[in-house]
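Residue numbers begin at 1 in each chain, while the letters A, B, ... track the order of the sequences.
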Number of protein chains: 2
Amino acid sequence: MTGAGMEPAKVDRIFQALGDPTRRAILDALSRQPSSVSDLARPLDMSLAAVVQHIQALEESGLVRTEKQGRVRTCHLMPETFATAERWLSERRTLWERRLDRLGALLDEEENG
Amino acid sequence: MTGAGMEPAKVDRIFQALGDPTRRAILDALSRQPSSVSDLARPLDMSLAAVVQHIQALEESGLVRTEKQGRVRTCHLMPETFATAERWLSERRTLWERRLDRLGALLDEEENG
DNA sequence: AATATTGTTAAGTTGATACTTAACTATACA
DNA sequence: TGTATAGTTAAGTATCAACTTAACAATATT
């Protein structure tokens, strides 16, 4: 049995955050190592302010957490939030797949039984 | 080894499609049973035309496939596309988690070794 | 102390996207 | 044959999201 599922508002913000390609690029970079805001901004073709805004969205979604020490803010992934999104997807996928299996079994019975 | 990953353009459309709450509601309904366009529209507080447009986005992303027979178009989930999104997430999550593990091991060595 | 670096915030612009209505096509049904 | 049902398409609107610039704050460097 898979759990009852997370509050929809949380899932909403997670998937909304994942919907933007720049934010996914940031997540991709962060999967390799924690990084500062300007590290993350360097390869991206946009202002630092824009990147800051993306990081805020990612943090509000829970996909990223940040700490500031001195003048540099360091960002890192939050794997549990990734897992929440994965679960949303896999719950629906497997629900569907199990349905297909049952249907297949039913057809077999009809054929053989 | 996990594969090299799918063409980014495809992943883009998948996650963009997943970013909308109405579309996720449609996917949720479809995880339980295949449905016609008007079946899907009934619980949603918007015009049929709007729902049609959402379904088009879902179909272009590959999350849903549809066939029309007679005047009714039936929609169903495409589990492989769900799996593609799940893989994108889990690849990054596990990359990060393995990194954490290595770091933990390193600290242990330092402590004990 | 002066300067450079790092990040934050506010305000405005622009383009994308989620809707609407309306006109239409195609199929099923009485 | 006429009417209801199911869906499609086009065109317009309005909201939202992603950016910009600019002014600022805080910390580090020389």
Side-chain angles (χ1 to χ4, degrees), chain A residues 8-30 33-77 81 85, chain B residues 8-30 33-78 85:
Chain A
K10 237 171 209 174
V11 174
D12 269 29
R13 278 193 303 185
I14 295 172
F15 277 107
Q16 205 214 12
L18 287 168
D20 181 85
T22 300
R23 284 194 290 266
R24 282 200 311 283
I26 291 175
L27 293 174
D28 190 53
L30 288 177
Q33 78 269 161
S35 314
S36 72
V37 174
S38 21
D39 282 351
L40 291 170
R42 198 157 310 120
L44 299 173
D45 190 23
M46 68 185 61
S47 72
L48 184 64
V51 175
V52 167
Q53 289 161 24
H54 281 303
I55 291 172
Q56 281 164 357
L58 286 168
E59 191 159 24
E60 278 160 29
S61 77
L63 285 162
V64 160
R65 184 169 293 171
T66 75
E67 299 109 13
K68 194 168 184 177
Q69 60 178 308
R71 63 184 168 179
V72 36
R73 176 177 299 278
T74 302
C75 310
H76 59 87
L77 285 197
T81 307
Chain B
K10 236 170 211 174
V11 174
D12 269 28
R13 278 193 303 185
I14 295 171
F15 278 107
Q16 205 215 11
L18 288 169
D20 182 86
T22 300
R23 284 194 290 267
R24 282 200 310 285
I26 291 175
L27 293 174
D28 190 53
L30 288 177
Q33 76 270 158
S35 315
S36 72
V37 175
S38 22
D39 281 351
L40 291 170
R42 197 156 312 115
L44 300 173
D45 189 24
M46 68 184 62
S47 71
L48 183 64
V51 174
V52 167
Q53 290 161 23
H54 280 303
I55 290 172
Q56 281 163 358
L58 286 169
E59 190 159 24
E60 277 159 29
S61 77
L63 285 162
V64 160
R65 185 169 291 172
T66 75
E67 299 108 12
K68 194 167 182 178
Q69 60 178 308
R71 63 186 167 177
V72 36
R73 177 176 299 278
T74 303
C75 310
H76 60 87
L77 286 197
M78 295 294 281

Who pairs with [X] by side-chain contact (heavy atoms from CB on, under 4.5 Å), at least two apart in sequence or on another chain?
{"X": "A:Arg24", "result": "A:Pro21, B:Val11, B:Asp12, B:Phe15, B:Trp88"}
{"X": "A:Ser36", "result": "A:Ser38, A:Asp39, A:Val72"}
{"X": "A:Lys10", "result": "A:Met6, A:Glu7"}

Q: Using atom CZ of B:Arg73 as one end and atom C1' of D:dG7 as the other, report the distance to the nearest whole Å.
A: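 Checked: the CZ to C1' distance equals 8 Å.
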Q: Would you kindly give the CD-to-C1' distance between B:Gln56 and D:dT8, to the nearest whole Å?
A: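 So the CD-C1' distance, B:Gln56 to D:dT8, works out to 8 Å.
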Q) Can you list the residues that meet the side chain to side chain donor-acceptor pair (under 3.5 Å) rule with B:Glu67, with sequence neighbours excluded? A)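 Per chain and number, B:Glu67 pairs via side chain to side chain donor-acceptor pair (under 3.5 Å) with B:His76.
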**Q.** Any B:His54 side-chain nitrogen or oxygen under 4.0 Å from OP1 or OP2 of C:dC19
**A.**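 B:His54 to C:dC19 OP1/OP2: side-chain N or O found under 4.0 Å.
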Q: Using a heavy-atom cut-off of under 4.0 Å over every strand shown, decide if B:Val52 touches base, sugar-phosphate, or nothing.
A: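 The residue B:Val52 makes base contact.
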Q.
Counting only side-chain heavy atoms from C-beta out, which of C:dT20, C:dA18, D:dT20 sits nearest to A:Ala50?
A.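 When the side chain of A:Ala50 is considered, D:dT20 is the closest of C:dT20, C:dA18, D:dT20.
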Q) Minimum heavy-atom separation for B:Lys68 to B:Arg71, with atom names? A)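 Looking at all heavy atoms of both residues, the shortest contact is CE-O, 3.7 Å.
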Drop me the distance from [X]'s [atom1] to [Y]'s [atom2], to the nearest 0.5 angstrom.
{"X": "A:Leu40", "Y": "A:Thr74", "atom1": "CG", "atom2": "OG1", "result": "9.5 Å"}
{"X": "B:Arg13", "Y": "B:Leu18", "atom1": "CZ", "atom2": "CG", "result": "13.0 Å"}
{"X": "B:Ser35", "Y": "B:Leu30", "atom1": "OG", "atom2": "CG", "result": "5.0 Å"}

Q: Would you jot down, in residue-number order, the residues of residues 22-29 of chain B having a non-hydrogen atom under 4.0 Å from DNA chain C?
A: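 Those residues are B:Thr22, B:Arg23.
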(Q) Counting only heavy atoms and a strict 4.0 angstrom limit, can you tell me which residues of residues 36-48 of chain A come near DNA chain D? (A)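 Within residues 36-48 of chain A, the residues near DNA chain D are A:Met46, A:Ser47.
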Q) Does any residue of residues 58-71 of chain A have a heavy atom under 4.0 Å from DNA chain D, and if so, which ones, in number order? A)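 Output list: A:Gly70, A:Arg71.
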Pull out every protein N or O sitting under 3.5 Å from an N or O of nucleotides 10-16 of chain C, one pair per line with the distance.
none

Contacts table for residues 43-62 of chain B: side-chain donor-acceptor under 3.5 angstrom, sequence neighbours left out:
from, atom 1, to, atom 2, distance (Å)
B:Ser47, OG, B:Ala50, N, 3.2
B:His54, ND1, B:Arg23, NH1, 3.1
B:Glu59, OE1, B:Thr66, OG1, 3.2
B:Glu59, OE2, B:Thr66, N, 3.2
B:Glu59, OE2, B:Thr66, OG1, 3.1
B:Ser61, OG, B:Leu58, O, 2.7
B:Ser61, OG, B:Leu63, N, 3.2

